[in-house]
Number of protein chains: 2
Amino acid sequence: MTRAATLAEIAQEAGVSAPTVSKVLNGRADVAPATRERVEELLQRHGYRRRGGRQVSPLLELVFHQLESAWAMEVIRGVENAVREEGLSIVLSESAGRLSPGQSWMDGVLARRPTGVVLVLSDLDRALGEQLTSRNIPFVVLDPAGDPGRGIPAVGTTNWDGGLAATRHLLDLGHRRIGLIGGPARMMCSRARADGYRAALDMAGIPYASELVKEGDFQHESGRRLGMELLGLADRPTAVFAGNDLQAFGLYEAARELGLRIPEDLSVVGFDDLPPARWVGPPLTTVRQPLTEMAEVATRLVIDLARGVQPGTVRVDLATTLVERGSTAPPRRG
Amino acid sequence: MTRAATLAEIAQEAGVSAPTVSKVLNGRADVAPATRERVEELLQRHGYRRRGGRQVSPLLELVFHQLESAWAMEVIRGVENAVREEGLSIVLSESAGRLSPGQSWMDGVLARRPTGVVLVLSDLDRALGEQLTSRNIPFVVLDPAGDPGRGIPAVGTTNWDGGLAATRHLLDLGHRRIGLIGGPARMMCSRARADGYRAALDMAGIPYASELVKEGDFQHESGRRLGMELLGLADRPTAVFAGNDLQAFGLYEAARELGLRIPEDLSVVGFDDLPPARWVGPPLTTVRQPLTEMAEVATRLVIDLARGVQPGTVRVDLATTLVERGSTAPPRRG
C-alpha cells in the first residue's frame, strides 16, 4: 500500500529543510535552481498534495499557447462571460516563445494564488499538470485540438461529427469528387475531422482518393497553396472540405486566381465559424465549433473544482453544427 | 494659494476617521457605500494625491470598453509583447455592460496594486482618471477613437492623414465620384477620417456631394445597408472610402448582391487593416492603423510612468500607412 509523502518526508529525502520545500511549493524566488528542481521532482514522484484549504485570489488564469490564433478572441469572450458572474478577473498569459508554461510562469501563478487555471493548449505538459495538482490549483484544458490525457479535465468539440457533417452536406448536394485540405496530422482534431470525411465517403460508397487529400497547417497560405494543387488536377474536385476557416479563405484565393467561381465551379466548407466566415464573398458554409460556449463551460468547470464540487465527468465535448451559407451548391452538370 | 489636502483633513471634513479614508483609498470592502462615496468625492474635490512610493504587483491592467471589438486581439498582442520583456502579467477586464469601469472594478484594481493601467476606451470617465491619479496608479489611454482630454497620457493614430491618403489614392487612380461611409459622428476618429476625405476632394477641386456621404456605426451590417443606398443611386460612385474594414466587408456584400465586381465596377478602401482584409475577395486596399505597435507604445509609456520617468510628450499619434491590395483600380471608361 502506498501513502502520499508528507512535506517533512520530502524535505528529508531532498536533504533540505521543510521551510525550503514550502518555499518551492509557494513559488518563492529565494531557492537555488538545483534545489528547486530536486524538490519539484520529489513532489511529483511522491504525488504530493497539499492538505486542507488554501487562500485564493479572485483571479482566473487564462493561458494560451499562442495569442495569434484566430480564435483566441472567441475564447477570451467566453471566459469573460463566465468570470463576470463570479466577480473574478482574468490574468492572461501566452506560453509560446517562452519555455512552454515554464517555471517563471508557475512562480507567478503561485504568487498570485488564482482560483483556477484554464489552459488553451494543444498539448498539456505533464509536469505542469502535476505542479498545479500538487498545489491544489484546479485546472481545465480547453482543447479543441485533441486528447489531453486520461483524467485531465478538458472541454473539446465533436471534431469527427463535424467532419462527417461537412462531407455529408457536399454529398447531399450531389458532389462525388470531394477534396480535403486537412490540418496537421499530429493534432488529434485534424485526424478526427479527416476520419469523419473518410467515414462519410465510405458510407456513401465512394472510394477514398488519396490525390484529393492534402495536409495543411491550418493557416491561410497553406489553404491557397494546397488549393492550387487540388484545383490544378486534370480531374479536379467539384467540392473541398477545407479543414478550418483560414484554409477555406486561402482556397477562395486559389479559386479566384484560377478564375473559378464559388459556388458555381467549386463548393467549399470550412470549420470553426470565425466572424470573417460571414464577411468573405460568398459567405462561407462552415462547421461551427462553439468556442465561446466551450470557454464558458471550461471556466465554470474550473470554478466548480475550486469549490470542491466534483463534476460527473471531466471530459466534455460540445456539439458542432453545420452553418449553411453561400459557398456550397450542387455541382454543375457537364 | 491652494494646497492639496492631507488624509487627516479629508477624514475630518468627511466626519470619519483617518483609517476609514485609508480603507477607501485601498479599496477595502468594509466601508459603507454612502461613506465611500462621500470620501471619494472629497478626495477628488481636493485633488488628493498619495505621497511617496507604493508597493506594486507585477501586473498590468488592460481594460477594454468592449472585447467584441474586431481589433481587440491586435491590441492584446501588443500589450503582451511589451509586458513580456518586463516580466509583467496582464489582467484583462471589460467595462461594457457594467457601469463604465465602476467601483467594483476599481476596488479590484486597488486590491491588486498593479504597476499601471492601459485603458482601451472611446471616452475616459473623468472620475475614473481622478481615482487612479489619487492612488498614484499610472494609466494611459489607448485611444484610436478620439481625444481623451488635456494632459491625459494617450496613444492614438493619424486618422485625418489616413482619410486623406485613402481618398487621394482613389483620386490618383482617376476616380471623381467617390463615396464615403463614415463612422459615428460622435467619435473623433470618424470625424477626422471624414475631414481627411473632404480635404482631399477639396484640394483636387471636386465639390463635396452630400448624397455620397453616409454615416454608419463601424459594423458590417451598416456597410452593407449604406452600400446598397450608395450603389442604388442613379449616378452611383465608382469608388467608396468605407471608413473601416468591417464596413468595407459589408460594402463587398452589397456589391455582390447587385452583381457589381470589385475593383472593375467599384473600388473600395477600408481603414484598420485587420487580418481578414487579406482574406476577403479581392484582398482589401486599406489604411493600416498600427494597433499592435500603438498598444506596445501605450504599455511602455505606462511602465515608464510607473518608474517615475516623465515622458517628453503624453500624447503620441502613430502614423497610418496605405496598404494597396486588389480592391482598387482605375474607373472603367464609359
Novice: Could you check whether E253(B) pairs with R278(A) (Lys NZ or Arg NE/NH1/NH2 to Asp/Glu carboxylate O, under 4.0 Å)?
Specialist: no
Novice: Taking atom CG of L92(B) and atom CG of L60(A), what is their separation to the nearest 0.5 Å?
Specialist: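 Reported value, rounded in 0.5 Å steps: 11.5 Å.
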Novice: Assess the residue pair I90(B) and I90(A) against the criterion (side-chain contact (heavy atoms from CB on, under 4.5 Å)); give the C-alpha distance rounded to whole Å, side-chain angles, the decisive distance to 0.1 Å, and a yes or no.
Specialist: CA-CA 8 Å; I90(B) 301 170; I90(A) 300 170; over 6 Å; no
Novice: Identify the two heavy atoms, one from R256(B) and one from G281(A), that lie closest to each other, and give their separation to 0.1 Å.
Specialist: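 Nearest heavy atoms, R256(B) then G281(A): NH1-CA, 2.8 Å.
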Novice: Between S89(A) and R112(B), is any side-chain donor less than 3.5 angstrom from a side-chain acceptor?
Specialist: yes
Novice: With a 4.5 angstrom heavy-atom cut-off, is it the side chain or the backbone of L59(B) that approaches chain A, or both, or neither?
Specialist: side chain
Novice: Is it true that E94(B) and R77(A) have a side-chain N and a carboxylate O under 4.0 angstrom from each other?
Specialist: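 Not counted as a salt bridge, because no side-chain N and carboxylate O are separated by less than 4.0 Å.
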Novice: Write out all pairs satisfying ring-ring contact (aromatic ring centres under 6.0 Å, His included) with one or both partners inside residues 247-270 of chain B, taking only residues at least two apart or from two chains.
Specialist: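 For residues 247-270 of chain B, and leaving out neighbouring residues, the ring-ring contact (aromatic ring centres under 6.0 Å, His included) pairs sorted by first residue read W279(A)-F249(B).
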Novice: Which heavy atom in A72(A) sits nearest to a heavy atom in M73(B), and how many Å separate them?
Specialist: CB-SD, 3.7 Å
Novice: For T299(A), enumerate each residue passing the side-chain hydrogen bond (donor to acceptor under 3.5 Å, both in side chains) test, keeping only those at least two apart in sequence or located in another chain.
Specialist: none
